[in-house]
Amino acid sequence: MIPLQAEALNISFKPLGAAIVFLMMASFLVIGYLFKVADTEGMWVAGRGIGNIENGMAIGANWMSAASYLGLAGLVALAGFYGLAFIIGWTTGYFVLLIFLAAQMRRFGKYTAPDFVGDRFNSPTARALAAFTTLLIAYVYSVGQARGMGLVGQYVFGLDIIPMIVVMMAITVGYLAISGMMGATKNMAVQYVILILAFLVGVFAVGWSSRGMVLPQIQYGAMIDELARQFSEPFTEGGSSYYLWIATAFSLIFGTCGLPHVLVRFYTVESERTARWSTVWGLFFIMLLYWSAPAMAALGVDLFAAVNNITPDAVYSGSAAMSGAEGDVIVVLAAQFAALPQWLVGFVAAGAMAAAIATTAGLFITASSAVAHDIYSELVNPDATQRQQVLIGRATIVAIGALVTVTAFNPPALIGELVAYAFSLAGIVLFPMFFLGLWWENTNRQGALAGMSIGLFIWITSIINSVLPKYVGFLAEAAGGSTNAIVPVYAQFVPPIGAALVGTPVVFVVTIVVSLATEEPPEKTKKMVRQCHSPEPMGQQQTAEDVVSTDGGQTPADD
């Protein structure tokens, strides 16, 4: 990744911006301490007592990572029409969640996504595969967040990006290790308020200052003809292909429905009704930012060209072209180029920090629960105490934090692209298991294991084929250069950023065929699936398994 140019971003110590970021980070630590937990119920699912608006805000903050706050506008600024695939994918996925998964996952009532897979398919191996996938997703996804924190810290504090990544990640890991899911949820609600206010104030201020716009989310359309053709016209030469656009949108839609840190939000609420309404609120809160991101991108490209005294076409090519790193912080650059007050630019930067931290919190909590609950407690030491599980979970947060921090020093792609890799993985491996596990009672252990194994193979080979040649010498030699793919045809149809378009249907077919060819799951498992669709309400702490085990084998859904 190209390093930020100090003269472009005005990298220097900014007292007002630094004070805003410092107070914000300190508040996160205080909230984490006030809501610290000592038991697994509070650590993993916040006691299942979160209301719909608070959970909707947590969903919004959990979702709107550095990839949304910084990276989405950056992708639209650098890739134009192709960036629309990210907006469509990242919002449409929530409609699928609302209709097919939110309430049903809450009724199943476990702690984690691997917990659901292991218990639904009666398989420790399936649980282990799901836990491994969860860890991979958390790792890949968090690298983009750490990079975003470092970029913002570099702008505000004027230090090199590497020490800023280390400091910001250390604070994030510290409050998460103390607080668990309860403190993380409370913090996410605060973080959402900060990030959405910062982004909306930023886009309105930039629009008014630079163009006299009152509603830039609509009025920016008048600028399209003035910007480069690459920004506004679909599938231009040198841009993305129609296939890549469809593949990216598809992967992001169904990847959304497979992300463990998104699904776990439905375990934290009071009831299935609350799960549905929190999804609606979350979608509304997300819309506020996504409606504004293209406007900020257009304003950023326009201001970048004006400040550098170049034509809009020269933003994309030539010696003064916008670098990938500059695109990743176009939100902050636009505020700076519009000559907004320093405190306001600092507030916009603080919003990016809040977005990155909120998502990292959700990812690290799901990763820690995958290790402590799904691997250690369920597979290694079934007699583990709650104290042992919480200690293992906190150790996992520290370990994955260190690994993510080191990787973020030299990430393999833009922030938004990094996150999209994780979405492809979730859409290929986990979404088919969630959907079939909840909607087809005959999905069995053998089908799940075959489908997940094939899915992991498709995603890993895609990464090896297209991404790793940049870092591994012998793979670069095999590809004929570090920027090439080893098998170009495979890279064309199974790109890492959109691998789910091929991978997800393959996993569905394999899972269904193997399930049909092998023995049906136990009757109790089928009853649990039916209970997930029952019209009868369940208690706040009840799970589908509890109901099936205590009702004499009959459920309302059997009638």
Side-chain angles (χ1 to χ4, degrees), residues 59-60 62-102 137 140-141 144-145 234-235 239-263 265 279-280 282-294 296-297 327-328 355 359 362-363 413-432 434-435 455 458-459 462 493-505 507-508:
I59 287 172
N62 201 11
W63 182 251
M64 287 185 293
S65 61
S68 290
Y69 192 101
L70 295 174
L72 185 57
L75 280 164
V76 175
L78 289 169
F81 187 84
Y82 176 62
L84 185 62
F86 290 78
I87 297 174
I88 290 174
W90 281 339
T91 49
T92 306
Y94 272 90
F95 287 99
V96 180
L97 273 174
L98 174 63
I99 296 168
F100 294 108
L101 296 179
I137 290 169
V140 174
Y141 206 136
Q145 313 316 308
F235 321 122
S240 65
S241 66
Y242 179 75
Y243 178 87
L244 182 61
W245 197 99
I246 295 295
T248 301
F250 184 95
S251 290
L252 298 178
I253 290 170
F254 295 104
T256 299
C257 303
L259 287 175
H261 74 291
V262 172
L263 271 297
R265 299 271 14 127
T279 308
V280 174
L283 189 56
F284 169 74
F285 292 139
I286 291 165
M287 178 275 296
L288 292 177
L289 189 144
Y290 280 12
W291 188 38
S292 305
M296 189 63 112
D328 267 341
T359 300
L363 291 164
L414 295 173
I415 292 172
E417 292 172 337
L418 277 169
V419 169
Y421 296 164
F423 276 75
S424 283
L425 175 58
I428 294 171
V429 178
L430 294 181
F431 168 68
F434 297 151
F435 188 89
I458 291 172
W459 185 83
S462 176
F493 291 102
V494 192
I497 205 167
L501 183 60
V502 170
T504 302
V507 172
F508 264 95

Chemist: When rounded to the nearest 0.5 angstrom, what distance separates CG in Leu97 from CG in Leu263?
Modeler: 6.5 Å

Chemist: Closest approach of Pro505 and Ala500, non-hydrogen atoms and distance?
Modeler: CD-O, 3.4 Å

Chemist: Would you say the side chain of Ile137 lies within less than 4.5 Å of the side chain of Leu430, judging by non-hydrogen atoms?
Modeler: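 In contact.
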
Chemist: If you look at every heavy atom in Leu252 and Ala85, which pair is closest and at what distance?
Modeler: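 Looks like CD1-O, 3.9 Å.
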
Chemist: Are the side chains of Phe431 and Phe508 in contact, using a 4.5 Å heavy-atom criterion?
Modeler: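 Yes, at least one pair of side-chain atoms sits under 4.5 Å.
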
Chemist: Yes or no on side chain to side chain contact (heavy atoms under 4.5 Å, CB included) for Ile458 and Val494, after CA distance, side-chain angles and deciding distance?
Modeler: CA-CA 8 Å; Ile458 291 172; Val494 192; 3.9 Å; yes

Chemist: Identify the two heavy atoms, one from Ala293 and one from Leu72, that lie closest to each other, and give their separation to 0.1 Å.
Modeler: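 Looks like CB-CD2, 3.9 Å.
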
Chemist: One pair to check against side chain to side chain contact (heavy atoms under 4.5 Å, CB included): Thr91 and Thr256. What are the steps and the verdict?
Modeler: CA-CA 9 Å; Thr91 49; Thr256 299; over 6 Å; no

Chemist: Taking the side chain as everything from C-beta on, heavy atoms only, tell me whether Pro432 gets closer than 4.5 Å to Thr504.
Modeler: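 Yes; the side chains approach each other to less than 4.5 Å.
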
Chemist: For the CD1 atom of Ile87 and the CG atom of Leu75, what is their distance to the nearest 0.5 Å?
Modeler: 9.5 Å

Chemist: Hey, could you give me the CZ/CH2 distance between Phe86 and Trp245, rounded to the nearest 0.5 Å?
Modeler: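 Phe86 CZ to Trp245 CH2: 11.0 Å, rounded to 0.5 Å.
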
Chemist: If we only count heavy atoms from C-beta on, is the Tyr94 to Val262 side-chain gap below 4.5 Å?
Modeler: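 With C-beta onward as the side chain, the pair touches.
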
Chemist: Where do Ser462 and Pro496 come nearest, in terms of heavy atoms and distance?
Modeler: OG-N, 3.1 Å

Chemist: Would you mind reporting whether Thr279 and Leu101 have side-chain heavy atoms less than 4.5 Å apart?
Modeler: no

Chemist: Is there side-chain contact between Trp90 and Ile286, with at least one heavy-atom pair below 4.5 Å?
Modeler: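 Contact flag for Trp90/Ile286 side chains = no.
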
Chemist: When the ring planes of Phe254 and Phe250 are compared, do they come out parallel, tilted or perpendicular, using 30° and 60° as the limits?
Modeler: tilted

Chemist: Would you sort out whether Leu425 and Val140 count as a side chain to side chain contact (heavy atoms under 4.5 Å, CB included), showing the intermediate values?
Modeler: CA-CA 10 Å; Leu425 175 58; Val140 174; 5.8 Å; no

Chemist: With a 4.5 Å limit on heavy-atom distance, are the side chains of Val429 and Val507 in contact?
Modeler: no

Chemist: Please round to the nearest 0.5 Å and tell me the distance separating atom OH of Tyr69 and atom CD of Gln145.
Modeler: 14.0 Å

Chemist: Given 3.5 Å as the limit, does a donor-acceptor pair link the side chain of Trp459 with the main chain of Ala426, or not?
Modeler: no

Chemist: Would you confirm whether Ser424, through its side chain, and Ser251, through its main-chain N or O, come within 3.5 Å as a donor-acceptor pair?
Modeler: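 Pair absent, no side-chain N/O of Ser424 close to backbone of Ser251.
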
Chemist: State the CD1-CD1 distance between Ile88 and Ile253, to the nearest 0.5 angstrom.
Modeler: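 Here the rounded value is 8.0 Å.
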
Chemist: Return the CD1 to CG distance between Ile497 and Leu244, rounded to the nearest 0.5 Å.
Modeler: 6.5 Å

Chemist: Begin from the C-alpha positions of Phe423 and Tyr141 and carry the test ring-ring contact (aromatic ring centres under 6.0 Å, His included) through to its verdict.
Modeler: CA-CA 8 Å; Phe423 276 75; Tyr141 206 136; 5.6 Å; yes

Chemist: Evaluate the side chain to side chain contact (heavy atoms under 4.5 Å, CB included) criterion for residues Cys257 and Phe434: first the C-alpha distance (whole Å), next the side-chain angles of each, then the deciding distance (0.1 Å), finally the verdict.
Modeler: CA-CA 8 Å; Cys257 303; Phe434 297 151; over 6 Å; no

